[in-house]
Amino acid sequence: MKARFERETAGLRRSWARHSRLWLREYLVQGVEDPRINLQSILTRHFLLEQLFPGQFAALRHQELRFSTVMSWVLRLVQRERVAESLSDVHLALLEERSVAGDAGIPEYVSSTFAALPCAADGAQVPDYVADALLASPDYREPRALPGPVRDTFMRLWQGALAGREPASPIAVLEPACGSANDYRFIHASGIASFLDYAGFDLCSDNVLNAQTLFPAVNFDVGNILDIAAPDKSFDCVFVHDLFEHLSVEAMEAAFAEISRVARRALCLAFFNMSEAPEHTINPVDDYHWNTLSRARTQAALEKLGGTVEVIPIDGFLRSLFGKDDTHNKGAYTFVVRL
């Protein structure tokens with residue numbers, strides 16, 4: 001099995017080596033993957049906030065979930081409509097409480113959010129980011145993207161909310177497969193990183209070099225989730241994004257065992273290609289995998305490690321909160337494992 005894992009690791013390295021450093025730095029921080037609006041990235045930050053400040057900031061966290069939901073819809077509109085007048089027509093329709101603007105239907109979760117903004121949450125003033133996105137000056141509007149200041153809305157709000165706070169206790173956090181500090185950038189930008197003793201590693205040396213260039217004082221290194229260079233129970237929490245579907249099932253379960261070995265309190269695991277099918281669908285692609293994982297089989301594998309497993313199907317989660325029925329990735333699931 002060890003030799004097989006070594007071959008699998010070598011294959012993954014080859015797959016990443018095909019890409020330039022610039023591509024690696026940018027590809028998971030754009031569009032719907034931008035951690036400022038990506039719900040799974042936001043849930044990971046909320047997981048860390050709950051570890052640091054148990055039971056606090058419920059209202060502000062809820063508002064950020066709503067922000068993610070609405071901004072994902074606005075992003076699709078921006079990507080389709082490149083004419084500023086079309087976006088201003090949507091704003092006018094919202095003001096007039098119409099459900100259609102031209103050929104764009106306006107979901108109820110968008111109109112109800114617009115009607116409630118601005119609003120207060122945990123002492124923070126949430127601005128009318130819907131209007132800000134739709135009426136942004138062309139100077140701010142990047143091609144096929146939300147305006148940068150709008151994407152930063154909750155980075156600013158969290159910085160303000162956390163300023164001067166003292167957590168119950170700082171926590172040691174490990175992020176395997178950290179990429180080019182894809183999520184850490186926004187853990188840092190939101191002010192959460194100042195409360196963490198953070199370490200990240202990645203199999204790809206170019207990713208690690210990108211991360212180290214962005215954050216020279218942070219502990220980023222080359223490493224392998226199948227053989228983590230840390231003693232047992234070295235970290236309070238471990239979080240992982242968008243990795244496990246690229247491993248064989250045997251390697252995935254070995255990775256589960258490794259991250260639970262080094263974690264004391266909890267894991268937060270984000271999956272991007274999962275279904276309610278009873279069995280995994282195994283799909284080798286060149287040097288790695290692109291599997292469709294069974295939620296039930298994955299949950300059972302994690303439950304064998306001990307502790308409790310909370311499963312958050314992103315599509316169902318958004319339906320229950322906001323009635324959203326247009327989630328861009330029906331295969332996205334986040335698992336929180338309390339050890």
Side-chain angles (χ1 to χ4, degrees), residues 24-53 57 60-72 74-75 121-122 124 126-127 129 132-133 140 142 145-163 165 167 170-171 173-202 207-208 210-220 237-243 268-270 272 312 314 328-329 332 334 336:
L24 290 167
R25 190 184 69 196
E26 301 299 330
Y27 87 111
L28 281 177
V29 293
Q30 301 180 72
V32 295
E33 302 297 341
D34 187 326
R36 287 167 288 187
I37 67 169
N38 181 273
L39 189 81
Q40 289 184 286
S41 291
I42 291 170
L43 287 174
T44 293
R45 294 198 294 274
H46 291 182
F47 163 80
L48 295 172
L49 284 164
E50 183 60 23
Q51 300 298 315
L52 289 163
F53 303 100
F57 301 118
L60 191 55
R61 283 186 281 143
H62 179 81
Q63 287 299 324
E64 189 171 20
L65 297 177
R66 186 175 285 278
F67 170 81
S68 166
T69 304
V70 174
M71 286 297 98
S72 294
V74 176
L75 175 61
D122 290 316
V126 181
Y129 50 79
D132 291 344
Y140 285 116
E142 302 169 36
L146 294 170
V150 175
R151 283 176 281 164
D152 284 334
T153 297
F154 273 82
M155 300 297 97
R156 297 189 296 270
L157 291 174
W158 282 116
Q159 286 177 10
L162 296 174
R165 293 272 183 162
I171 56 174
V173 173
L174 178 67
E175 183 187 8
C178 63
S180 294
N182 302 327
D183 274 278
Y184 183 80
R185 298 180 211 187
F186 304 102
I187 292 171
H188 180 271
S190 64
I192 298 171
S194 61
F195 303 111
L196 307 179
D197 178 10
Y198 170 94
F201 68 77
D202 198 273
N207 267 331
V208 173
N210 281 337
Q212 291 172 335
T213 301
L214 289 167
F215 300 98
V218 178
N219 182 10
F220 291 104
C237 302
V238 176
F239 70 90
V240 186
H241 279 228
D242 298 340
L243 169 67
C268 185
L269 313 177
F272 68 90
I312 305 170
I314 299 303
H328 79 277
N329 180 9
T334 289
V336 176

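At least one donor-acceptor pair closer than 3.5 Å links the side chain of R156 to the backbone N or O of P149.
Checked against salt bridge (Lys or Arg N to Asp or Glu O under 4.0 Å), E175 has no partners two or more places apart in sequence or in another chain. Residues that satisfy the ring pair (Phe, Tyr, Trp, His ring centres under 6.0 Å) test with F47, not counting sequence neighbours, are absent from this structure. For H328, the side chain to side chain contact (heavy atoms under 4.5 Å, CB included) partners are V32, not counting sequence neighbours. Legend: residues meeting salt bridge (Lys or Arg N to Asp or Glu O under 4.0 Å) with E50, ordered by chain and number and at least two apart, are R61. The ring pair (Phe, Tyr, Trp, His ring centres under 6.0 Å) test applied to F154 returns F67, not counting sequence neighbours. Shown here are the salt bridge (Lys or Arg N to Asp or Glu O under 4.0 Å) partners of R45, two or more places apart in sequence or in another chain: E64. Every residue meeting the salt bridge (Lys or Arg N to Asp or Glu O under 4.0 Å) condition with R36, not counting sequence neighbours, appears here in chain and number order: D34, D152. For H188, the ring pair (Phe, Tyr, Trp, His ring centres under 6.0 Å) partners two or more places apart in sequence, or in a different chain, are F215. For F201, the ring pair (Phe, Tyr, Trp, His ring centres under 6.0 Å) test picks out no residue, with sequence neighbours left out. With sequence neighbours excluded, the residues forming a side chain to side chain contact (heavy atoms under 4.5 Å, CB included) with E26 are L22, V29, Q30, listed by chain and number. Partners of N38 under the side chain to side chain contact (heavy atoms under 4.5 Å, CB included) rule, at least two apart in sequence or in another chain, are E33, Q40, S41. With sequence neighbours left out, the side chain to side chain contact (heavy atoms under 4.5 Å, CB included) criterion links P170 to no other residue.
I192 approaches L196 most closely through the heavy-atom pair O-CG, 3.6 Å. Taking every heavy atom of both residues into account, Y129 and V150 meet most closely at O-CG1, 4.0 Å. I37 and G31 get closest at one heavy-atom pair: CD1-O, 3.6 Å. Across every non-hydrogen atom of D132 and P127, the tightest pair is OD2-CB, 4.3 Å. Considering all non-hydrogen atoms of both residues, L146 and M71 come closest at CD1-O, 3.8 Å.
For the atom pair CG (D242) and CG (N182), the distance works out to 9.0 Å, reported to the nearest 0.5 Å.
Residues C268 and T334 meet the side-chain proximity criterion, which asks for heavy atoms closer than 4.5 Å.
Of the candidates F57, F53, F195, F57 is the only one forming a ring pair (Phe, Tyr, Trp, His ring centres under 6.0 Å) with W158.
Ring geometry for F239 against Y198 counts as tilted: the plane angle lies between 30° and 60°, on a 0 to 90° scale.
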